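Start at 1 with the first residue, then count along the sequence. Since we're looking at a predicted model, the values are computed, not measured.
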Amino acid sequence: MAGFNAVVLAAGQGTRMKSALPKVLHQVGGLPLVAHVVKAAADAGAESCFVIVPPDAREFDALRLPIAARFFEQRDRLGTAHAVLQARPALETSSLPVVVLCGDTPLVTPDSLARLSDAIANGADMAVMGFKARDPQGYGRLITDASGALLAIREHKDATEEERAITLCNAGILAFRGDLILSLLDRIGNDNAQREFYLTDAVEIARARGLRVACEIIDEDEVRGVNTRAQLAEAEAIFQRRARAAAMAGGATLIAPETVTFSHDTVIGQDVVIEPNVIFAGGVVIEDGVTIRGFSHLEGARVGRGSSIGPFARFRPGTVLEAGVHVGNFVELKASHVGEGAKVNHLSYIGDAHVGAKTNIGAGTITCNYDGYKKYKTDIGAGAFIGSNSSLVAPVTIGDGAYIGSGSVISEDVPPHALALTRAPQVHKDEWAKRKRARADAEKAASTK
Ligand code: UD1
Ligand code: CA
């Protein structure tokens, strides 16, 4: 894998998205489009990336990228070559190969980018990624000679009828020798149908200088651009298909794969069984041998080896389950650590809590962690038994092995191995029900006479 710098074109406004957010910050698999592109570049060996962004777009400030990034504003959108040249200060100081790609093609794979940068490492001066377009309308066409060597790229608007019949198109991904890119781009003019500085003109300029221009071919799906919300949904569908395939290839069983939604960073172990309609939001790690039953929604959670969760489990950020934990239906966990072999099987809310190993949390247990101002911690020891329908009013500590009588409202710490009860004592009124019924029957008989 050869190192390179990536230049990511992301200065488009994306007007067709009808959004206040710049287009490339819309998400697929919970990750902004531009971050997908940078991640693919990083995985292909990119050392740093230079991102060309629209002017005054503060929304980019919060963007987190996996490699060193520098942002360059493009004030006037004068074309793709002009966009790349905004990164001149960075390009001048590095001689690594440069791969230029678009920020709105989230499905491009590291393999494809590596092929292009490898072409430069293997002696090409420039390399172009092409694809066979089902419908070439709008794309730049790859003009080749009889031997298949690339001569030029002709933009759709500048192409003759004959050239428009070509279906081999420019994917919009180009690679350059680092010490040549600026000298090629500085020679590009804007004498064309759109009065734009076309990056694609670099091919003809390189050929005229006797330089070697390589060409690689990829699948059209990888270069799918996102311009509309409908295309965003299509990209999401392809992303999800890939994520499901990867989970299955890694040894997980998905009973109805098309109903499971993954995030860009979901980690799924081996022999994991995922039932239908499960959603993984960001930051979920599922260890080996876990069963996730239907309709569970997980975010920011780690589920330990051999645990079983759901159906209808909801894990919010900060949930950590040790091995062999059982979480049943309608249980919400948030910022809580659940020890090995513990059980929370029915209808509970456990938030800001620590639950010790082998503790059993009865049905309907609620940690009252919030008083309207602040959040407080509930600490439950190991081997404890929390009776059903208990309220644990935080901050509160329940010792190892303690028992909580069901229906209790616990607001004071419970010592280890004690029984805590807060409900009123039970009373029996002998024969009360019998007397009540007799009285009611007598009244009924009197009224129907
Ligand atoms: C471009 C290619 C075309 C290729 C197609 C693939 C050129 C001249 N044409 O055409 O050969 O088939 O991509 O999708 O390169 N951008 C900027 N600043 C600019 C202009 C563009 O940042 O001044 C960004 C856009 O936001 C976009 C990308 O560059 O992400 C491509 O620009 P766009 O105008 O969409 O080029 P196309 O006409 O699609
Ligand atoms: Ca485009």
Test side-chain contact (heavy atoms from CB on, under 4.5 Å) applied to V278 and T261, step by step
CA-CA 6 Å; V278 170; T261 301; over 6 Å; no

Between the CG atom in L174 and the SG atom in C215, the distance rounded to the nearest 0.5 Å is 9.5 Å

Spell out, as yes or no, whether a donor-acceptor pair under 3.5 Å connects the side chain of D76 to the backbone of L78.
no

Go through the steps to decide whether I238 and E234 satisfy the test side-chain contact (heavy atoms from CB on, under 4.5 Å), and finish with yes or no.
CA-CA 6 Å; I238 294 174; E234 285 168 25; 5.6 Å; no

Return the minimal non-hydrogen interatomic distance between S19 and H26, and the atom names on each side.
OG-NE2, 2.9 Å

Quick check against the 3.5 Å criterion: does H156 have a side-chain atom that pairs as donor or acceptor with the backbone of G138?
yes

Among side-chain atoms of N170 and T200, is any donor-acceptor pair under 3.5 angstrom?
no

Verify, without hydrogens or angle tests, whether R229 (side chain) and M17 (backbone) share a donor-acceptor contact under 3.5 angstrom.
yes

Look only at the side chain of S94 and the backbone of L91, and say whether a donor-acceptor pair between them is shorter than 3.5 Å.
no

What is the minimum heavy-atom distance between L96 and G3, and which atoms define it?
CD2-O, 3.9 Å

Please determine whether the number of non-hydrogen atoms from other residues, nucleotides or ligands lying under 6.0 Å from atom CD of E162 exceeds 12.
no

For R88 and D186: C-alpha separation, side-chain torsions, deciding distance, then whether salt bridge (Lys or Arg N to Asp or Glu O under 4.0 Å) applies.
CA-CA 10 Å; R88 184 190 298 274; D186 279 333; 2.7 Å; yes

Is it the case that S147 and D145 place a side-chain donor and acceptor less than 3.5 Å from each other?
yes

Can you check whether L333's main-chain N or O pairs, donor with acceptor, with T319's side chain at less than 3.5 Å?
yes

Cationic N near anionic O, under 4.0 Å, R316 to E299:
no

Do D125 and R212 sit within salt-bridge range, that is, some charged N less than 4.0 Å from a carboxylate O?
no

Got a second to check how far I268's CD1 is from M248's CE, nearest 0.5 Å?
11.5 Å

NZ/NE/NH1/NH2 to OD/OE distance under 4.0 Å, K358 and D400:
no

Which atom pair, heavy atoms only, marks the closest approach of G339 to V325?
O-CG2, 3.2 Å

I'd like to know whether the aromatic ring centres of H36 and F239 sit less than 6.0 Å apart in this structure.
yes

Say whether, by atom type as modelled, one donor and one acceptor occur between the side chain of D265 and the main chain of G283 under 3.5 angstrom.
yes

Can you name the closest pair of heavy atoms from T367 and G351 and give their distance?
OG1-N, 2.8 Å

Begin from the C-alpha positions of K334 and I350 and carry the test side-chain contact (heavy atoms from CB on, under 4.5 Å) through to its verdict.
CA-CA 6 Å; K334 188 217 73 170; I350 305 296; over 6 Å; no

Judged by modelled atom types alone, do D179 and S95 share a side-chain donor-acceptor pair under 3.5 Å?
no

Quick one: does T359's side chain get under 4.5 Å of F385's, heavy atoms only?
no

Has the side chain of E236 got a donor or acceptor atom that lies under 3.5 Å from a matching backbone atom of G29?
yes

Look at K375 together with D352 and state whether they make a salt bridge at an N to O cut-off of under 4.0 Å.
no

Using the ring pair (Phe, Tyr, Trp, His ring centres under 6.0 Å) rule, pick out the option among Y349, F295, F312 that qualifies with F330.
F312

Which distance, rounded to the nearest 0.5 Å, do you find between the CD of E196 and the NE2 of H82?
11.0 Å

Answer yes or no: is there a side-chain heavy-atom contact under 4.5 Å between L392 and I366?
no

Donor-acceptor check, side chain of N277 to backbone of G294, threshold 3.5 angstrom: yes or no?
no

Please tell me whether H337 and E322 have a donor and an acceptor in their side chains that are separated by less than 3.5 angstrom.
yes

Are L107 and D221 side-chain neighbours, meaning at least one heavy-atom pair lies under 4.5 Å?
no

So if I apply the side-chain contact (heavy atoms from CB on, under 4.5 Å) rule between F315 and each of V284, L321, V320, which one comes out positive?
L321

Would you check if I153 and L142 make a side-chain contact, meaning some heavy-atom pair closer than 4.5 Å?
yes

Are E220 and K132 ion-paired here, with the side-chain N under 4.0 Å from a carboxylate O?
no

Separation between CD1 (I188) and OG1 (T80), nearest 0.5 Å, reads 7.5 Å

Flag side-chain contact, heavy atom, 4.5 Å: V331 against R314:
no

Student check: side-chain heavy atoms of L9 and V51 closer than 4.5 Å
no

With a 4.5 Å limit on heavy-atom distance, are the side chains of T253 and I274 in contact?
no

Set out, in order, the CA-CA distance, both residues' side-chain angles and the distance that settles ring-ring contact (aromatic ring centres under 6.0 Å, His included) for F71 and F50, then state yes or no.
CA-CA 6 Å; F71 292 85; F50 314 136; over 10 Å; no

Any chance the side chains of N227 and K23 put a donor and an acceptor closer than 3.5 Å?
yes

Counting the benzene-type ring for Trp, do Y376 and Y370 have ring centres under 6.0 Å apart?
no

Less than 4.5 Å apart, any side-chain heavy atom of R207 and any of V213?
yes

Under 4.0 Å between a Lys/Arg side-chain N and an Asp/Glu carboxylate O for R305 and D288?
yes

Please name the pair of heavy atoms, one in S348 and one in G364, separated by the smallest distance, quoted to 0.1 Å.
OG-N, 3.7 Å

Check ion pair R115-D118 (N to O, under 4.0 angstrom)
no

Got a donor-acceptor contact below 3.5 angstrom from the S296 side chain to the A313 backbone?
yes

Rounded to the nearest 0.5 Å, what's the gap from CD on E47 to CG on N5? Could you check?
7.0 Å

With no hydrogens and no angle check, do the side chains of T378 and H354 hold a donor and an acceptor under 3.5 Å apart?
no

Under 3.5 Å side-chain donor-acceptor pair for S263 and T266
no

Any chance you could lay out the side-chain contact (heavy atoms from CB on, under 4.5 Å) test for V34 and L25, step after step, and finish with the verdict?
CA-CA 7 Å; V34 63; L25 296 181; 4.1 Å; yes

Is the closest basic N to carboxylate O distance between R141 and E163 below 4.0 Å?
no

Taking R154 first and then D201, would you say they form a salt bridge - that is, a charged N and a carboxylate O separated by under 4.0 Å?
no

What's the separation between atom CZ in R164 and atom CG in D158, rounded to the nearest 0.5 Å?
8.5 Å

Check for a donor-acceptor pair, side chain of R293 on one end and backbone N or O of E275 on the other, with a separation under 3.5 Å.
no

Kindly give the heavy-atom pair with the smallest separation between E73 and P54, and that separation in Å.
CG-O, 4.0 Å

